[in-house]
Amino acid sequence: MSLKGLSRKSPVISLLALSLFVGMFISGCSDDDNGTTGGDTVSSAWSVNNISPEANKYKSVWFVDENNGWAVGDEGTIVTTDDGGLTWASQSSGTSQNLWDIEFFDADTGWVVGNTGTLMYTINGGRNWAPSLFDVTDKRVRSVCFTNGHKGLAVTSNGIVLHTQNGGRLWDIDSTGFFGDLRGVSFQGVTAVAVGEGGAIRVGNAYDQITTYGSLVDTFWSSWTDASGITTENLNDVTVASTTHAWAVGDNGVILISTDGGLTWSVQTSGTTANLYSVTFDGTANGWITGAGGTLLMTTDGGSNWTAINSGVSHDLYGFSKAGSTNSWVVGSLSLLSSSNGTSYSENSSGLVSLPTLTAISFQNANDGVAVGFAGTILKTNDGGDTWKYCRRGKTQTSEEWFTDVNFADDTIGFASGYMGIPPYQGIVARTFDGGTTWEIVDVTGMNELFKLTVVNADTSFVVGGNTAARTIDGGATWTELVSLSTIDPLYGIDFTDGSNGWVVGHDGQILHTTDGGNTWTNLSADTLTDILYDITFVNATTGWTVGFGGVIYKTVDAGVTWVKQLSGTTNSLESVYFLDENRGWAVGFMGTVLYTSNGGTTWTVQPTIGNNSLFDVDFQSTTDGWIVGENGTLLSTNSGGL
């Protein structure tokens, strides 16, 4: 099942966008299309399912106590909580640059750094963020450290250390003699350390004293000594826990410790080869490290022994923060994790992140199901849809795979189709052998956007998109284009009842039929059938339905030779149709439209749903248990057939 009609009219405009516009402003948005009339409230038997929230690729997190915390990430994201993470609110950063690090001195005073020289500070808890008066717009500022409200250090991608004595309003440049990427900086008292690519370590060993009337007020570092040489791996972060003790972490599981203020370093055993991205110590005994692939390490003896903690995720983790005496937080590329005991972590239910459009859903059995969508999204449930978690998610909305359909041959083997979200919109097919937990992209080079697929068995599947279709007979390892399917019209829907008999539908009422597995096709389109058809389904070799633009529904009882139009009762475009048998079926579409029939489509009735997000796919496992997906992360379920 899939999002039909996703054909691009030009390199950048899809039929989906066009039909959404038409569906919203032309094709009837009346109250009764949404299941309500005259302002009456109609309860719905469809309920919203919970999707584990996805953090917005957060890079750093900082708590000043158990309640007040902030996190920063890509595209200028800053979020804050004042209730220990029960709720989070977005703060306006005033920038769209990726942010790398955040630190607060108290609940009011904080700093943020990021790409293109981003250096910002706040004195009111982040309600307002002001840019620092310093221009390094061509450099990335990766790390920032403050020990009081006025004295701080930051490092850049060209080996510069910046220092401030006035809370980050003005910054001065320190030359380190290193011209590569510095990625971490930290200091305590007179001990300061900066680390970076290629194992670079710079120690602030000379400093100027600031005195007032002969009394020492403060110090800052005016020169930096090279302490490199212990490793050639990139070092990604450093923490100075005292004037003597410091730790640095880097790629390939590297952990370094210094007990003489950073002058000399030795290696600690990490027990992992994962890239390590952050290190935090509370004193000189208790420490935490985050890294690639969900890596989370903990020590209670200063790093003599590091213990792997189960983070519960498999994607990269970038930042850690203590929150009070017992709570802790971890952020990463797809997660915002919290723990009340430091050893057991769970995803935070902040609800902050907008969910991607979901285009298709398929259940292998009553418990296991997979939903797919834009931005490389693949979700999985193993509890009948009560909870859903990300198995896969792209980094951006436009540069990753856009999945448009998913289907399974059995409990373990399944396929997803779609296309790349950037020109030339190369078609893609992914397959799984473990029920949807992991996926691999297979080669379908030469095919454009792929919209709908049908899986006959573990070996044989068909996919359609553009004005062509393809077939696999070796479990998806290779796909052969069916050149005999000659049409100039875009094709959106496909269904096969076995390895031989199948149908495709598309633009201008196009309906094609094959009885030999796609080797040859017969055009069944009638001259009077000019509608755009988005989906087709057959319950046996002769009985089937097709739906499409403007709410059209057609039925055939002779394998598609003739089609009879049914009264849908809506002018909202229908994107998906599903029948359990010759009588019971559902169709879904724009503006939250859900239709149900118990008599083969002789009559269709509207089932009320929640909201008016457009719906793109429907799947049922029984007469009662069903699921629907749609735009803005809509994922609905029913255990009463929607009645």
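Numbers here are sequence positions counted from 1. What you see is a predicted model; the values in this text were computed from it and never measured.
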Run the ring-ring contact (aromatic ring centres under 6.0 Å, His included) check on Tyr121 and Trp111 step by step: do they pass? CA-CA 4 Å; Tyr121 68 93; Trp111 303 267; 8.5 Å; no
Do the side chain of Gln426 and the main chain of Val444 share a donor and acceptor less than 3.5 angstrom apart? yes
By ring pair (Phe, Tyr, Trp, His ring centres under 6.0 Å), which residues pair with Trp62, not counting sequence neighbours? none
Can the ring centroids of Trp329 and Trp88 be said to lie less than 6.0 angstrom from one another? yes
Assess Arg431 against Trp439: is NZ or CZ under 6.0 Å from the centre of the six-membered ring, and within 45 degrees of the ring's axis? no
Non-hydrogen atoms of Glu233 and Thr231 that approach each other most closely: N-OG1, 3.0 Å
With the side chain counted from C-beta on, respond yes when Thr81 and Val79 share a heavy-atom pair under 4.5 Å apart, and no when they do not. no
For Asp237 and Val279, indicate whether the former's side chain and the latter's backbone hold a donor-acceptor pair under 3.5 Å. yes
Less than 4.5 Å apart, any side-chain heavy atom of Thr359 and any of Glu631? no
When the ring planes of Trp306 and Phe281 are compared, do they come out parallel, tilted or perpendicular, using 30° and 60° as the limits? perpendicular
Value rounded to 0.5 Å, distance of CG in Leu296 from OG1 in Thr307: 10.5 Å
Taking the side chain as everything from C-beta on, heavy atoms only, tell me whether Thr326 gets closer than 4.5 Å to Asn341. no
Indicate the atoms forming the closest heavy-atom contact of Ala154 with Leu119, along with that distance. CB-CD2, 4.3 Å
Apply the side-chain contact (heavy atoms from CB on, under 4.5 Å) test between Leu182 and each candidate in Leu235, Val238, Val161; give the one that qualifies. Val161
Pairwise side-chain contact, Asn115 with Trp100, heavy-atom cut-off 4.5 Å (strictly under): yes
Checking the side chain of Ser96 only, and the main-chain atoms of Gly76 only, is there a donor and an acceptor separated by less than 3.5 Å? no
For the side chain of Thr381 and the backbone of Thr387, is there at least one donor-acceptor N/O pair under 3.5 Å apart? yes
Ignoring hydrogens and angles, tell me if any N or O in the side chain of Ser228 forms a donor-acceptor pair with the backbone of Ile201 under 3.5 Å. yes
Taking the six-membered ring where the residue is Trp, are the ring centres of Tyr318 and Tyr277 under 6.0 Å apart? yes
To the nearest 0.5 angstrom, please state how far the CZ atom of Phe179 sits from the CD atom of Glu197. 13.0 Å
Contact summary for Ala200 and Phe178, nearest pair of heavy atoms: CB-CZ, 3.5 Å
Which atom pairs, donor and acceptor, lie under 3.5 Å between side-chain atoms of residues 63-71 and protein residues at least two apart or in another chain?
{"unit_1": "Asp65", "atom_1": "OD1", "unit_2": "Asn67", "atom_2": "N", "d": "2.8"}
{"unit_1": "Asp65", "atom_1": "OD1", "unit_2": "Asn68", "atom_2": "N", "d": "2.7"}
{"unit_1": "Asp65", "atom_1": "OD1", "unit_2": "Asn68", "atom_2": "ND2", "d": "3.2"}
{"unit_1": "Asp65", "atom_1": "OD2", "unit_2": "Asn68", "atom_2": "ND2", "d": "3.2"}
{"unit_1": "Trp70", "atom_1": "NE1", "unit_2": "Thr80", "atom_2": "OG1", "d": "3.2"}
{"unit_1": "Trp70", "atom_1": "NE1", "unit_2": "Gly125", "atom_2": "O", "d": "3.0"}

In Å and rounded to the nearest 0.5 Å, what is the CD1 to OG1 distance from Ile289 to Thr295? 10.0 Å
What I'd like to find out is whether the side chain of Ser338 reaches to under 4.5 Å of the side chain of Ser346, using heavy atoms alone. yes
What is the minimum heavy-atom distance between Ala430 and Phe403, and which atoms define it? CB-CE2, 4.0 Å
Going from CG on Leu358 to CZ on Phe616, what distance comes out if it is rounded to the nearest 0.5 angstrom? 10.0 Å
Enter the distance from Leu297:CG to Ile255:CD1 here, rounded to the nearest 0.5 Å. 5.5 Å
Can a side-chain donor-acceptor contact be found between Asn158 and Thr156 if the only test is distance below 3.5 angstrom? yes
Examine distances only and state if a side-chain atom of Thr299 and a backbone atom of Asn305 form a donor-acceptor pair shorter than 3.5 Å. yes
Taking atom types as modelled, is there a side-chain donor on Asn327 or Ser340 under 3.5 Å from an acceptor on the other? no
Contacts of type salt bridge (charged side-chain N to carboxylate O under 4.0 Å, His left out), residue Arg202, not counting sequence neighbours: Asp226
Return yes if some donor-acceptor pair links the side-chain N/O of Thr244 with the main-chain N/O of Asp260 below 3.5 Å, else return no. no
Of all heavy-atom pairs linking Met120 and Ser93, the shortest is SD-O, 3.3 Å
Min side-chain heavy-atom separation Leu450-Tyr419 under 4.5 Å: no
Quick one: does Thr432's side chain have a donor or acceptor within less than 3.5 Å of a partner on Thr438's backbone? yes
Going by heavy atoms in the side chains, are Thr118 and Val113 under 4.5 Å from each other? no
By salt bridge (charged side-chain N to carboxylate O under 4.0 Å, His left out), Asp301 pairs with (sequence neighbours left out) none
Result block: side-chain N/O donor-acceptor pairs under 3.5 angstrom for residues 183-193, not counting sequence neighbours:
{"unit_1": "Arg183", "atom_1": "NE", "unit_2": "Asp181", "atom_2": "OD2", "d": "3.1"}
{"unit_1": "Arg183", "atom_1": "NH1", "unit_2": "Asn236", "atom_2": "OD1", "d": "2.8"}
{"unit_1": "Ser186", "atom_1": "OG", "unit_2": "Val240", "atom_2": "N", "d": "2.8"}
{"unit_1": "Thr191", "atom_1": "OG1", "unit_2": "Thr243", "atom_2": "O", "d": "2.7"}

From CD1 (Ile257) to NE2 (His245), nearest 0.5 Å: 5.5 Å
Would you check, one step at a time, whether the test side chain to side chain contact (heavy atoms under 4.5 Å, CB included) holds for Thr280 with Thr239? CA-CA 6 Å; Thr280 304; Thr239 185; 5.8 Å; no
Would you say that more than 12 heavy atoms from the other residues, nucleotides or ligands in this model lie under 6.0 Å from the CD1 of Ile230, or not? yes
Report yes if the distance between the aromatic ring centroids of Trp288 and Phe320 is under 6.0 Å, otherwise no. yes
Answer yes or no: is there a side-chain heavy-atom contact under 4.5 Å between Ser311 and Leu317? yes
Closest approach of Gly319 and Thr290, non-hydrogen atoms and distance? N-OG1, 3.7 Å
Can Thr273 and Asn252 be counted as having a side-chain donor-acceptor contact under 3.5 angstrom? no
Main-chain N/O of Ala292 paired with Asn275 side-chain donor or acceptor, under 3.5 Å: no
Is Glu103 reaching over with its side chain to a backbone N or O of Phe146, donor-acceptor style, under 3.5 angstrom? yes
Name all residues meeting the side chain to side chain donor-acceptor pair (under 3.5 Å) criterion together with Thr122; count only those two or more places apart in sequence or in a different chain, and write none if there are none. Asn124
